[in-house]
Amino acid sequence: MDLKPDFMKPLFLILIIATTGMNASGQPSWESRRDSLLGALSKEKGDTAKVWTMLRLGILYLDNHPDSADYYAKALCKLSEKIHVPGGLANGLSMQAYILASKNKPEEAIAMDLQAIAIAKKANLKKDLANVCNNTAIQYNEIGDQSASLDYYLKAAAIYEELKDSSSMSFIYGNIAGVYNDLKEYNNGYVYALKGISLCRRLHTMHGLGSGMVNLSSSLINLKRFDTALVVLYENKELARQEKNKYQQINVMANMDYAFAGLGKFNLIKANADEMMALSGSINYTEGLCYGLVGLAEYWLHKKKFTLAIRYADEAIATADTTKLSTTLRDAYQEAGNIEVAAGNSSRFHYYDGLRDSIDEVLYSDKILKNTQELDAKYSLNKKQAQIDDLNKQQEIQQLIIKQRSTMNWALSGLVLVTAVIALLYNRNYRQKKKLLQAGALLQQQRIAELEKERQLLAAHGVMQGQVEERTRLAKDLHDGLGSILSSAKYSFSNMKETLPVTPVTTAAFDRSMGMLDLSISELRRIAHNMMPEALVKFGLDTALRDFCSSVEQSGALQLTYQSFEIREDSIPAITAGSVYRIIQELVNNILKHAGATTALVQLIRKGDTLSITVEDNGRGFNASILENSDGSGYLNLRNRVEYLNGTLDIQTGPDKGTSVNIEIANVAA
């Protein structure tokens with residue numbers, strides 16, 4: 001389960017206050033500060049000084065009367081543009097972007113921030129550029145474009161690191177962790193959350209520590225490290241309590257429910273949910289109230305009090321639906337479906353499951369993503385085709401030039417009789433030009449062939465990308481959808497056993513049915529694993545291959561050894577990792593089916609940007625010459641996968657000599 005706590009508020013105010021030297025701590029009332037700044041503004045003699053005073057006024061109004069801040073933001077932009085102060089103009093635009101975002105106009109806010117980025121970049125105002133990049137990342141995250149959000153966060157972080165601005169780095173690392181969690185890249189989320197927390201502790205600042213802990217606990221929960229997550233969550237809860245930040249307390253307790261459920265501590269969920277609802281009610285926080293209701297529903301489901309459980313789930317649905325909390329509503333629908341299937345109400349389960357799917361389609365539209373990828377691929381292919389057409393036209397022009405030169409030669413042949421020297425010189429000149437044109441035409445043909453190969457590789461890349469995504473989607477649907485239904489059915493059957501009349505016949509029939517159900521679940525998991533191993537998606541190529549070889553070894557069919565050297569999971573692209581996994585899987589399956597081997601070795605070595613694969617066995621071997629004319633699908637699939645990866649394939653074998661397959665893949669992304 002993924003959690004999106006509402007803690008990532010825009011950092012504009014915090015960062016600008018730090019830049020301009022304002023500090024709210026120990027200050028008089030905001031009205032007094034406003035009057036002081038207005039007095040200073042009326043007495044300022046230089047326009048540049050007015051720019052910074054006006055900026056301070058705008059920030060003060062943003063904190064207390066945001067509607068009035070718009071006047072000073074626009075006046076700041078007008079004055080800064082008039083006297084050419086790029087820093088004032090960039091900050092004025094970013095201030096207007098903040099106001100637009102507060103009015104729920106994120107697209108307009110992004111457009112305004114992008115203008116500010118261009119100005120700050122042109123003027124080389126690094127700190128202002130980092131601040132605005134950070135604000136832009138926040139707005140992209142608000143509209144659900146996590147990829148763009150991460151891009152701008154990383155740009156801002158790089159500048160803060162260059163400036164050695166540890167305070168800003170400590171906060172932005174936590175935000176980056178939150179985006180990685182949204183993208184389901186929990187290992188990266190874990191790393192950045194730890195970096196942010198470490199900086200906060202080193203700087204002895206509480207600023208950013210709480211949000212960093214929330215993100216760290218979310219990463220740990222999704223990585224199934226529930227015990228560690230609870231240690232972080234208890235500390236985070238106490239920190240939020242000391243700061244009297246009830247919203248963060250509620251977000252922390254919502255994460256606690258996930259950790260308690262992961263550890264099977266359902267009794268703790270009820271106490272936690274009751275406290276969460278009481279705290280949410282005190283500040284009228286609807287989302288926290290919904291998560292408290294879902295927690296109570298989960299508790300009563302575990303107690304098999306289905307009537308109570310569905311009552312709390314329905315109450316959570318009604319509350320979330322009224323306030324249009326889409327993500328929370330989806331979680332409530334899923335909980336209601338779990339309750340109904342446990343209670344044996346399959347029709348009601350399908351009803352809630354359909355409602356949950358309808359929200360998923362809105363939030364995560366695979367169709368939109370697929371169409372976008374297809375459009376990108378189509379654009380790239382059309383661009384390559386246009387280049388090929390252009391080169392073909394150039395080749396036709398070269399051929400016409402050669403033909404024209406030949407015609408001119410015949411026309412001037414009569415002049416050769418009049419002036420032999422001129423004819424000889426012309427003929428020599430013509431031959432040289434003809435050779436150059438022919439050489440040029442040959443180069444054009446070679447370039448056309450290269451572009452055609454690139455176009456084919458691009459098309460193959462699109463096919464492979466589609467296969468990987470479709471395998472991943474189908475495996476997830478089988479495991480999460482059909483797998484959950486079968487598991488729930490088994491749970492329901494187990495509850496029914498107590499109500500059946502106990503006779504040898506009914507007991508034997510029931511045991512046979514349960515055995516068939518267990519076999520179906522095992523077969524479903526095997527199919528899902530074969531389509532896209534879970535270890536490959538979550539932990540990368542090295543872990544997935546180690547698990548695969550270990551499972552073959554444990555089956556007793558073959559003594560299989562796996563070795564890897566210098567393999568970093570983050571250095572191998574997902575498509576390359578999927579293809580390499582399938583290649584090794586195919587080779588090992590061939591050994592099991594045909595080689596009659598007792599021992600085998602799988603070796604994966606990384607040297608620079610080259611990946612070397614070796615698969616050897618002590619089996620019966622075969623005559624390697626039969627592969628030259630082989631049209632078998634297995635060998636063709638292997639060769640096509642290697643060619644797609646721009647690799648080389650070498651097979652050494654012979655009758656009764658075993659088989660050694662060596663593959664080298666160059667230019668693997670570092």
Side-chain angles (χ1 to χ4, degrees), residues 9-24 30-31 33-143 148-149 152-153 155-156 159-160 163 165 168:
K9 60 180 289 187
L11 303 183
F12 176 85
L13 286 174
I14 297 168
L15 295 179
I16 294 297
I17 288 171
T19 303
T20 56
M22 291 180 65
N23 185 351
W30 87 270
E31 292 91 348
R33 285 180 282 150
R34 177 199 61 192
D35 294 341
S36 175
L37 286 171
L38 286 172
L41 186 64
S42 64
K43 296 176 183 178
E44 295 286 2
K45 296 180 180 180
D47 286 338
T48 303
K50 285 184 178 180
V51 166
W52 305 120
T53 303
M54 202 173 291
L55 175 59
R56 289 182 173 90
L57 261 173
I59 295 169
L60 189 62
Y61 272 106
L62 276 178
D63 249 342
N64 299 278
H65 287 280
D67 292 338
S68 301
D70 191 48
Y71 167 79
Y72 288 100
K74 290 177 179 176
L76 173 62
C77 287
K78 187 175 180 180
L79 179 59
S80 299
E81 193 169 15
K82 177 183 176 182
I83 63 174
H84 307 293
V85 181
L89 182 56
N91 285 321
L93 289 169
S94 192
M95 191 186 298
Q96 290 183 66
Y98 177 84
I99 295 167
L100 287 167
S102 68
K103 294 178 179 178
N104 199 26
K105 296 179 179 179
E107 290 83 2
E108 295 179 39
I110 289 171
M112 196 74 71
D113 270 334
L114 291 178
Q115 292 182 51
I117 286 173
I119 292 167
K121 185 181 294 185
K122 185 177 180 180
N124 197 30
L125 302 171
K126 292 186 177 180
K127 182 61 180 289
D128 289 330
L129 178 60
N131 293 345
V132 183
C133 282
N134 176 74
N135 299 340
T136 307
I138 292 168
Q139 297 311 320
Y140 272 119
N141 194 53
E142 286 295 320
I143 64 173
S149 177
Y152 280 97
Y153 271 136
K155 287 177 181 176
I159 299 173
Y160 289 139
L163 297 174
D165 186 351
S168 298

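This one's a predicted model, so the numbers in the text were calculated from it and none came from an experiment.
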Exercise. Search all heavy atoms of Ala69 against all heavy atoms of Met95 and return the closest pair with its distance.
Key: O-SD, 4.3 Å
Quiz item: To the nearest 0.5 Å, what is the distance between CD (Glu142) and CD1 (Ile138)?
Solution: 8.0 Å
Practice problem: Please report the shortest heavy-atom distance between Asp113 and Ala97, naming the atom on each side. | Solution: OD1-CB, 3.4 Å
Quiz item: Which atoms form the tightest heavy-atom contact between Ile99 and Ala73, and what is the distance?
Solution: CD1-CB, 4.5 Å
Quiz item: Can you tell me how far CD1 of Ile159 sits from NZ of Lys121, rounded to the nearest 0.5 angstrom?
Solution: 8.5 Å
Self-check item: Lys127 and Ser168: CA distance, side-chain angles, deciding distance, side chain to side chain contact (heavy atoms under 4.5 Å, CB included) verdict
Solution: CA-CA 10 Å; Lys127 182 61 180 289; Ser168 298; 4.2 Å; yes
Quiz item: Can you tell me how far CE of Met112 sits from SG of Cys77, rounded to the nearest 0.5 angstrom?
Solution: 7.5 Å
Practice problem: To the nearest 0.5 angstrom, please state how far the CG atom of Asn134 sits from the OH atom of Tyr152. | Solution: 13.0 Å
Exercise. Evaluate whether atom NZ of Lys155 has more than 12 neighbouring non-hydrogen atoms of other residues, nucleotides or ligands under 6.0 angstrom away.
Key: yes
Quiz item: Going from NE2 on His84 to CG on Leu79, what distance comes out if it is rounded to the nearest 0.5 angstrom?
Solution: 11.5 Å
Practice problem: Kindly give the heavy-atom pair with the smallest separation between Ala109 and Ala101, and that separation in Å. | Solution: CB-N, 3.9 Å
Self-check item: Shortest non-hydrogen separation from Gly88 to Trp52 and the atoms involved
Solution: N-CH2, 3.8 Å
Self-check item: Closest contact, heavy atoms only, Tyr72 versus Gly58
Solution: CB-CA, 4.0 Å
Quiz item: Heavy-atom distance under 4.5 Å between the side chains of Ile117 and Leu129, does that happen here?
Solution: yes
Self-check item: Nearest-0.5 Å distance, CG of residue Leu62 to CG of residue Asp70
Solution: 9.5 Å
Quiz item: Is a side-chain N or O of Ser94 found less than 3.5 angstrom from the main chain of Ala90, in a donor-acceptor match?
Solution: no
Quiz item: Of the options Asp128, Ile119, Asn124, Asn91, which is the one that meets Pro86 in a side chain to side chain contact (heavy atoms under 4.5 Å, CB included)?
Solution: Ile119
